[in-house]
Amino acid sequence: MKYNQYAYVDTNHSDQVKELLAINFLPKNYQDWSFGDLLAKLVGNVIAEAKTDEAKKAKLAEFAVDNTQTLADFLKENPDKISSLQFYNVALQLLGYHVGYDYQLDNPTGFMQKQALPVATDINNIEELVSAFYRLLNTRAKNGQLLIDVMAGKGYFTKFWGENKFMYFNGKSLPVFDTNKVIREVVYVESDLDTDRDGKSDLIQVTVFRPKESDGDLKVPALYTASPYFGGIIANEKRNHNVDENLSDAIEWTNPKYEASPTVKAQKPGTEDKNATEEAVHKSSYPLNEYLLARGFASVFAGGIGTRGSDGLRITGAPEENESAKEVIEWLHGDRIAYTDRTRQHETKADWCNGNIGMTGRSYLGTLQIAVATTGVAGLKTVVSEAAISSWYDYYREHGLVIAPEACQGEDLDLLAETCQSNLWDAGSYLKIKPKYDAMQKELLEHEDRTTGQYSDYWEARNYRHHADGIKCSWVSVHGLNDWNVKPKNVYKIWQLVKNLPMKHHLFLHQGPHYNMNNLVSIDFTDLMNLWFCHELLDVENNAYNQWPTAMIQDNLHADKWHEEEDWANEIGQKVTYYPTDDHDLYKDGNGQEKQSFVDVGGKDFKEAKISESDWEYKFISGEEKWAKRSLRYTTEEYIHPVTIVGRPQVKVRVSGSLPKGQLSVALVELGERQRLTPTPKFLMRGGQELGYRFGTDTLQEFVPDKTTKAKLITKAHMNLQNYEDMKKPSKIEAGQFVDLTFELQPTYYTIPAGSKLALIIYSTDEGMTKRPLEEETYTIDLANTEISFYQK
């Protein structure tokens with residue numbers, strides 16, 4: 001497995017020396033040292049767990065330079081140089097690898113090249129030795145972290161605690177802040193909202209974790225995570241809406257409207273500045289924030305309106321949520337008032353903040369980053385938005401249908417609001433809020449329109465993409481290409497807008513589902529973000545803008561291969577079109593002429609089978625007869641060379657249903673028995689990454705080859721037949737009436753290997769996502785007017 005490294009900044013020798021001197025790694029008079037003595041000194045410095053020179057010297061005997069000699073014995077010979085083989089035998093041991101298990105002493109450089117670790121030639125003088133150690137400290141160890149971070153986890157940088165300044169190495173911030181003395185405080189930001197309609201502005205509880213050093217003259221940047229889950233979640237697994245029901249005639253759609261909550265202007269910031277009087281009891285919930293807290297970045301969490309400790313109501317996806325999240329940034333930037341407690345008697349300021357704020361977080365937490373960024377709020381310098389929703393319609397709906405996120409059948413706006421309305425946990429808040437919460441739940445249920453699934457003004461208010469021109473901050477998007485919770489359309493569509501804006505932007509696409517990527521073997525994402533935040537929030541000139549390509553896309557065949565692209569769009573490939581034939585083949589040279597049919601039985605078979613939605617999907621795409629007979633399937637011949645599908649495939653289908661209503665689904669599937677990557681990363685070293693010195697851990701992981709399977713879903717889409725004329729407005733249809741549907745499938749970047757086939761599956765009920773009708777319907781496809789096209793590399 002390659003330990004790819006993109007965050008290493010090329011540094012000239014004089015700057016290498018300056019940086020090594022600054023961290024007390026290199027003796028000030030190092031040029032006066034003998035080669036052997038300096039080698040011993042530098043190796044000893046890496047062994048940070050040994051606290052005295054004697055202890056370090058004793059440790060040298062534990063290292064081998066080759067098959068016959070320990071490092072201690074080698075140093076007794078007073079060497080004036082060291083071969084590449086000898087140096088990297090020692091280096092690999094310092095990096096955490098084990099002789100005889102991970103690599104062999106007769107070929108360390110071969111192992112390093114296999115792991116994509118950097119290798120220098122023979123080291124013949126002190127200058128070369130210094131440069132070799134500089135590069136080694138910036139090399140990823142077996143646990144995935146840089147060697148200098150491994151040293152930090154053993155206490156190397158505790159000697160700098162209390163110096164009240166940032167220190168940088170290779171453009172990245174070092175953990176020189178005392179993690180034993182982190183300030184943990186709670187403040188209350190006064191909003192302009194009155195979502196609970198009590199005539200007073202809602203207070204928003206904000207939790208701050210910041211270095212003790214920021215209590216003095218040192219100003220630090222803030223990493224802000226807007227997390228509706230931070231105060232806890234209200235779990236009710238049996239509450240989801242029933243999806244085992246017939247489709248409705250969508251013509252009954254009434255276009256529900258969004259109505260804003262009342263507002264009450266907050267007090268303007270004054271001159272008072274009292275210390276916070278409430279200590280945080282919650283813990284930071286995001287490892288990337290914890291990692292950077294030890295490196296001087298404050299970590300700020302707020303659940304927003306309706307969450308525990310805050311006033312108001314959850315109104316999933318509504319502008320009020322965006323506003324309450326934005327107002328926290330206004331306080332951090334000095335533009336909004338906050339109080340030491342809920343009495344609103346004493347003001348407290350974020351005078352510890354340097355005015356530069358970045359946002360982090362995944363899923364709902366990433367979603368609110370998009371929402372806040374579109375406001376152009378002052379102080380927000382960058383967002384690192386992971387697995388984020390850019391339009392709530394694209395999360396809970398699709399092409400005129402009610403469509404569930406993966407593993408969330410029956411969930412909707414109202415139920416997510418219920419999950420996050422954690423201020424109901426406090427009895428006093430419960431007494432005040434419960435009647436208003438009940439009224440809001442009723443409004444959400446009515447206006448979300450689970451009857452037809454059509455787009456409406458209510459959903460329009462939850463589409464952040466229409467406000468993308470307000471974005472002023474730099475941008476990093478992260479998303480899983482196999483995320484069927486927040487489907488890839490969400491990141492693809494916002495990316496098409498962001499990439500045309502003048503600020504710097506980057507995109508990471510990994511092979512996971514709804515997942516983080518900050519501790520993968522195959523990419524040094526945490527180091528890249530350290531580099532990025534240092535540039536954006538601390539104004540460090542570290543080449544962050546040019547350090548890695550605009551779009552980084554993980555390969556689906558080899559997890560340690562990352563495609564370096566300038567964009568993610570249809571246009572980076574060449575368009576090809578396939579046509580289904582009467583014999584159920586897919587060819588490039590002409591349609592079939594038949595009209596072929598299948599009978600959909602909704603959820604009847606699925607309920608009787610008592611299997612999971614994921615089991616159903618695998619059996620269905622693999623072609624198991626029981627499930628495949630509810631569909632039409634068309635396949636290519638085996639590919640003779642790999643082909644990569646890029647962007648959004650398009651399927652055109654002429655179809656009729658035996659009822660005056662219907663839903664059609666299409667899927668692209670790779671067929672072929674072969675070993676595929678694990679659906680989620682495998683834990684390779686649980687708890688093996690120290691976030692600071694005795695300050696929490698993270699786990700190294702990666703996608704690895706898994707068991708042999710028959711098929712893999714590439715992408716899919718669903719559509720209401722009544723939206724054949726307009727995606728935003730249903731039309732009446734008659735039973736047996738043919739209509740032309742054009743599907744834009746979920747975007748992808750997927751390589752079909754040689755020996756596999758591509759399959760187009762046309763079906764109706766998707767047991768894991770669509771409604772599951774109780775009545776049968778026959779769907780007829782006119783092959784003469786059906787085709788699939790996509791862009792390929």
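When a residue number appears, it is its place in the shown sequence, counting from 1.
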Exercise. Dump the intermediate steps for side chain to side chain contact (heavy atoms under 4.5 Å, CB included) on N785 and F738, then the final yes or no.
Key: CA-CA 11 Å; N785 292 278; F738 276 94; over 6 Å; no
Exercise. Test salt bridge (Lys or Arg N to Asp or Glu O under 4.0 Å) on E608 and K626 and set out the steps.
Key: CA-CA 12 Å; E608 292 174 353; K626 176 181 177 65; 5.6 Å; no
Self-check item: Pair D449-W253, side chain to side chain contact (heavy atoms under 4.5 Å, CB included): steps then yes or no
Solution: CA-CA 8 Å; D449 179 24; W253 168 72; 3.7 Å; yes
Exercise. Test K716 against D766 for salt bridge (Lys or Arg N to Asp or Glu O under 4.0 Å), laying out the working first.
Key: CA-CA 10 Å; K716 60 182 175 180; D766 187 315; 2.9 Å; yes
Quiz item: How far apart are the C-alpha atoms of R630 and D605, what are their side-chain angles, what is the distance that settles it, and do they pass the salt bridge (Lys or Arg N to Asp or Glu O under 4.0 Å) test?
Solution: CA-CA 10 Å; R630 314 303 187 194; D605 287 353; 2.5 Å; yes
Exercise. Take W495 and H505 through the ring pair (Phe, Tyr, Trp, His ring centres under 6.0 Å) test and state the conclusion after the steps.
Key: CA-CA 9 Å; W495 175 254; H505 48 270; 5.3 Å; yes
Exercise. Take D589 and Y579 through the test side-chain hydrogen bond (donor to acceptor under 3.5 Å, both in side chains) and record every step on the way to the result.
Key: CA-CA 7 Å; D589 56 357; Y579 303 94; over 6 Å; no
Practice problem: Could you walk me through whether V384 and M529 pass the side chain to side chain contact (heavy atoms under 4.5 Å, CB included) test, one step at a time? | Solution: CA-CA 8 Å; V384 179; M529 292 304 98; 3.8 Å; yes
Practice problem: Please lay out, stage by stage, how W568 and Y749 fare under the test ring pair (Phe, Tyr, Trp, His ring centres under 6.0 Å). | Solution: CA-CA 8 Å; W568 181 41; Y749 191 107; 8.1 Å; no
Quiz item: Is there a side chain to side chain contact (heavy atoms under 4.5 Å, CB included) between M552 and L509 once you walk through the steps?
Solution: CA-CA 6 Å; M552 298 288 292; L509 299 173; over 6 Å; no
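Side chains of E398 and H718: a donor-acceptor N/O pair is present below 3.5 angstrom, by distance only. W616 and S614 share no donor-acceptor pair across their side chains, judged by distance under 3.5 Å alone. Checking D412 against H241 by side-chain atom types alone, no donor-acceptor pair falls below 3.5 Å. Of the N and O atoms on the side chains of S522 and N4, not one donor lies less than 3.5 Å from an acceptor on the other residue. A donor and an acceptor atom, one from each side chain of N482 and Q511, are located under 3.5 Å apart. In this structure, a donor-acceptor pair under 3.5 Å is absent between the side chains of D524 and Q5. Using modelled atom types and a 3.5 Å distance limit, the side chains of Q650 and E744 yield a donor-acceptor pair. A side-chain donor from one of E725 and S731 sits under 3.5 Å from a side-chain acceptor of the other. For the 3.5 Å distance criterion, the side chains of T452 and R397 fail to qualify, holding no donor opposite an acceptor.
Counting heavy atoms from C-beta outward, I523 and W562 have side chains that approach closer than 4.5 Å. When side chains are defined from C-beta on, L444 counts as touching Y458, because their heavy atoms get closer than 4.5 Å. In this structure the side chain of N485 never reaches within 4.5 angstrom of the side chain of P513, judged on heavy atoms. For the pair N240 and L415, the minimum side-chain heavy-atom distance is below 4.5 Å. Taking 4.5 Å as the limit, every side-chain heavy atom of P753 sits out of range of all side-chain heavy atoms of P642.
Among W532, F525, Y6, the one residue that satisfies the ring pair (Phe, Tyr, Trp, His ring centres under 6.0 Å) test with H506 is W532. Of the residues Q454, H399, Q663, the one that meets the side chain to side chain contact (heavy atoms under 4.5 Å, CB included) test with N720 is Q454. The only member of H466, H467, E460 that meets side-chain hydrogen bond (donor to acceptor under 3.5 Å, both in side chains) when paired with N463 is H466.
The structure places OG1 of T316 at 4.5 Å from OH of Y364, a figure rounded to the nearest 0.5 Å. Put simply, NE2 on H584 and OG1 on T581 are 8.0 Å apart, with the number rounded to the nearest 0.5 Å. Taken to the nearest 0.5 Å, the CG atom of L668 stands 11.5 Å off from the CD1 atom of I621. Note that CG of D414 is 8.0 Å distant from CZ of R239, once rounded to the nearest 0.5 Å. Atoms OG and CD1, from S363 and I389 in turn, are 6.0 Å apart once rounded to the nearest 0.5 Å. Going from atom CG of L659 over to atom CG of L721 covers 10.5 Å, rounded to the nearest 0.5 Å.
Using a 4.0 Å cut-off between charged side-chain N and carboxylate O, E245 and K771 make a salt bridge. Under the 4.0 Å criterion applied to side-chain N and carboxylate O atoms, R772 and D244 are assigned as salt-bridge partners. With respect to the salt-bridge test (charged N to carboxylate O, under 4.0 angstrom), the residues R674 and E670 qualify. Look at K652 and D740 and you find no salt bridge, because none of the NZ, NE, NH1 or NH2 atoms lies under 4.0 Å from a carboxylate O. A salt bridge between R465 and D394 is present, with a side-chain N of the basic residue lying under 4.0 Å from a carboxylate O of the acidic one.
Taking the six-membered ring for Trp and thresholds of 30 and 60 degrees, Y393 and Y455 have ring planes more than 60 degrees apart, a perpendicular arrangement.
Of all heavy-atom pairs spanning A711 and L671, the tightest one is CB-CD2, 3.7 Å. Between Y492 and A569, the closest heavy-atom pair is OH-CA, 3.6 Å. Minimum interatomic distance between I611 and W627 (heavy atoms only, all atoms of both residues): CD1-CZ2, 3.8 Å. The two atoms that bring E777 and G662 nearest to each other are OE1-CA, 3.8 Å, heavy atoms only. Here the closest non-hydrogen pair linking S390 and N490 is OG-O, 2.6 Å. Minimum interatomic distance between V486 and A388 (heavy atoms only, all atoms of both residues): CG1-O, 3.3 Å.
Under the 6.0 Å distance and 45° angle rule, R462 does not count as a cation-pi partner of Y464. Within the cation-pi definition used here (under 6.0 Å to the ring centroid, within 45° of the axis), K728 does not qualify as a partner of W459. Cation-pi contact between R633 and F620: present, with separation from the ring centre below 6.0 Å and deviation from the ring axis of at most 45°.
Residues satisfying the salt bridge (charged side-chain N to carboxylate O under 4.0 Å, His left out) criterion with K619, sequence neighbours excluded, are E624. Applying the salt bridge (charged side-chain N to carboxylate O under 4.0 Å, His left out) criterion to K661, with sequence neighbours excluded, gives E775.
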Anything under 3.5 Å between a donor and an acceptor, one on a side chain of residues 786-793, the other on a protein residue two or more places apart or in another chain? List them.
unit_1	atom_1	unit_2	atom_2	d
T786	OG1	D782	O	2.8
K793	NZ	E565	OE2	2.5

